[in-house]
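Here is the naming used below: chain letters follow the sequence lines, and residue numbers restart at 1 for every chain.
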There are 2 protein chains.
Amino acid sequence: MTGHRLIAVDWGTSNFRAFLVDRKTGECLDSRRSEAGLRALSADEFPHYCAAQLRDWRDGGRVPVYLAGMVGSARGWCEAPQLETPAGLEDLAGQLVPAPGLDQAWIVPGLKTLGDDHLDVMRGEEIQAFGALALQGTTRAVCCLPGTHSKWARLARGRLVGFTTMMTGELYHAVRYHTLVGEPSRGREGIDEGGFRQGLAAARHPAGLLHALFEARSRHLHGGLGAESVAGFLSGVLIGSEVLARLGRDEDEVILVGSPSLNTLYRLALEAHEVPVIEVDSDRATLAGIVALAERHETGRKP
Amino acid sequence: MTGHRLIAVDWGTSNFRAFLVDRKTGECLDSRRSEAGLRALSADEFPHYCAAQLRDWRDGGRVPVYLAGMVGSARGWCEAPQLETPAGLEDLAGQLVPAPGLDQAWIVPGLKTLGDDHLDVMRGEEIQAFGALALQGTTRAVCCLPGTHSKWARLARGRLVGFTTMMTGELYHAVRYHTLVGEPSRGREGIDEGGFRQGLAAARHPAGLLHALFEARSRHLHGGLGAESVAGFLSGVLIGSEVLARLGRDEDEVILVGSPSLNTLYRLALEAHEVPVIEVDSDRATLAGIVALAERHETGRKP
């Protein structure tokens with residue numbers, strides 16, 4: 001049985017997420033989450049924390065572990081390279097870095113783009129993009145991976161050809177919690193759909209994002225935008241601006257690879273431009289990506 | 001002598017600034033600044049604080065005081081109306097609100113725009129825009145008033161016809177102090193011109209502002225952008241984006257009405273688009289605006 005299992009870990013700045021996976025079926029047999037992200041741990045705590053979290057899944061170390069995300073950055077457990085695009089799963093599999101202090105555990109490289117006018121970096125989303133491709137049974141797609149730093153990735157012939165980061169999620173938090181404009185939204189939970197749709201429309205203002213965000217204030221004062229709708233409005237302006245800036249490419253459809261709640265918001269934003277959308281849960285994409293990676297990894301290691 | 005003097009106060013969220021002015025020459029005879037902005041005072045402290053600050057200039061109450069800025073908002077000393085654009089100095093002079101508890105002291109109204117797709121508000125910048133017009137001896141201009149919430153105002157026939165707020169300054173602080181992208185810039189002073197110019201160029205990235213801000217991180221990791229240049233880069237991206245979003249109107253030139261340091265940055269951004277610029281110090285604009293307002297006010301009160 002052990003030979004059919006692997007452990008996929010997505011370890012980021014704020015979260016640790018681990019999945020025990022049946023690699024034959026792709027099924028998630030068990031999962032574990034915590035807020036022990038990179039920020040919460042010192043450099044020497046990674047192997048101990050990881051071993052303790054995964055011990056009862058590992059069958060004495062025989063079940064392999066693949067770790068993706070910021071865990072491979074300079075501030076993480078051990079730095080893994082960032083490969084230049086275009087790159088495929090084979091390239092990632094060929095440059096896995098053994099995790100120091102833990103047997104049969106590998107850290108997955110990230111990707112980078114180093115153009116004259118466009119420098120960009122990712123860690124973790126590449127696995128999700130490849131996983132989404134596998135789940136859809138295709139080799140070509142435009143994927144949007146929404147989050148703190150949203151990634152828009154183009155894939156062709158099964159390789160990740162190029163990508164662009166949009167700092168939408170991080171800006172949303174900065175505006176909501178650290179500006180006058182976001183003040184009425186504090187202490188309230190959730191995204192109000194009416195506010196969100198108003199924000200989507202405001203994102204099309206000819207004066208752009210820097211003005212549209214301020215309308216959260218002027219509409220709250222004079223336009224009937226209630227305090228309960230300000231967070232939704234800001235989210236709509238930012239996600240609407242992100243989508244506007246990424247459209248006009250020649251995509252037939254966009255594969256959304258995020259949490260169900262983020263996917264829903266991005267679906268609304270894309271459908272406002274009549275762009276067809278496929279939704280993939282980002283956890284499922286991580287599992288599928290790691291399973292496909294492990295296959296390449298083991299094929300590569302057999303004589 | 002007293003009849004030739006007035007006191008102009010610009011009282012905002014974070015600062016109190018007062019000027020004793022010779023209204024014949026427009027000269028500033030004395031000035032006083034503090035950080036006792038709206039945030040620092042409770043509602044009943046305004047008259048006492050103001051009286052104490054200005055006592056030795058007032059000649060027993062005979063020198064009049066005009067107060068502009070957020071002091072006239074609901075959170076200020078006493079709410080003054082916001083007049084709809086288009087509006088001129090006569091309109092402001094006709095709706096001055098006596099400051100409760102202080103003789104011969106008036107709070108200046110703000111302005112608002114209530115369009116279907118554009119709601120906007122200002123308090124304080126209207127006086128500076130009218131002042132800049134008076135200083136330039138013209139009745140028609142496009143003014144950019146950079147700051148926490150930058151205002152772009154169109155003036156024609158001496159009236160303020162329309163305006164747009166861009167939340168550039170507030171976003172700069174939120175990104176610099178409350179995101180991962182801004183992290184390398186903390187604890188460092190000043191704007192590095194090399195970084196600023198790189199940011200101006202990055203603002204033209206086809207993926208727009210949400211991506212260009214993230215380049216502060218990818219260039220810091222892989223593009224040789226030193227920690228000492230990150231603040232300048234972020235400022236360049238934001239001011240560059242603001243200017244890009246406001247160009248393409250038919251202005252012959254832009255009158256910049258800000259602090260000398262902000263004017264310098266905006267001049268660089270505008271000159272990159274070959275837009276001629278006139279710089280006016282915002283304090284001088286406040287004085288000139290209040291002197292022109294007081295003239296209308298007294299003319300209106302004479303039989």
Could you tell me which non-hydrogen atom of B:H205 sits nearest to which non-hydrogen atom of A:D117, and how far apart they are? CD2-O, 3.2 Å
Those residues at least two apart in sequence (or on a different chain) that pass ring-ring contact (aromatic ring centres under 6.0 Å, His included) with A:F16 are A:W11, A:Y49
Which label fits A:H178 and B:H178: parallel for a plane angle under 30°, tilted from 30 to 60°, or perpendicular past 60°? parallel
Can you tell which part of A:L213 gets under 4.5 Å to a heavy atom of chain B, answering side chain, backbone, both or neither? both
Sequence neighbours excluded, the answer for side-chain hydrogen bond (donor to acceptor under 3.5 Å, both in side chains) partners of B:T264 is none
Under a 4.5 Å cut-off applied to non-hydrogen side-chain atoms, are B:H211 and A:D120 in contact? yes
Using non-hydrogen atoms and a 4.5 Å limit, figure out which bit of A:H118 sits close to chain B: side chain, backbone, both or neither. both
What closest approach, in Å, do A:L180 and B:E170 show between heavy atoms, and which atom pair accounts for it? N-OE2, 2.5 Å
Could you state the interatomic distance from NE2 (A:H149) to OG1 (B:T179), rounded to the nearest 0.5 Å? 6.5 Å
Looking at every heavy atom in both A:A207 and B:A245, which two are closest together, and how far apart are they? O-CB, 3.3 Å
Walk me through whether B:E183 and A:R75 qualify under salt bridge (Lys or Arg N to Asp or Glu O under 4.0 Å). CA-CA 14 Å; B:E183 218 170 70; A:R75 297 182 182 192; 2.7 Å; yes
Can I get a per-line list of side-chain donor-acceptor pairs under 3.5 Å for residues 232-244 of chain B, giving both atom names and the distance, sequence neighbours left out?
unit_1, atom_1, unit_2, atom_2, d
B:S241, OG, B:V237, O, 2.7
B:E242, OE1, B:S150, OG, 3.4
B:E242, OE1, B:T168, OG1, 2.6
B:E242, OE1, B:Y266, OH, 2.6
B:E242, OE2, B:W152, NE1, 2.6

When only heavy atoms count and the cut-off is under 4.5 Å, which of residues 214-231 of chain B reach chain A? B:F214, B:E215, B:R217, B:S218, B:R219, B:L221, B:H222, B:G223
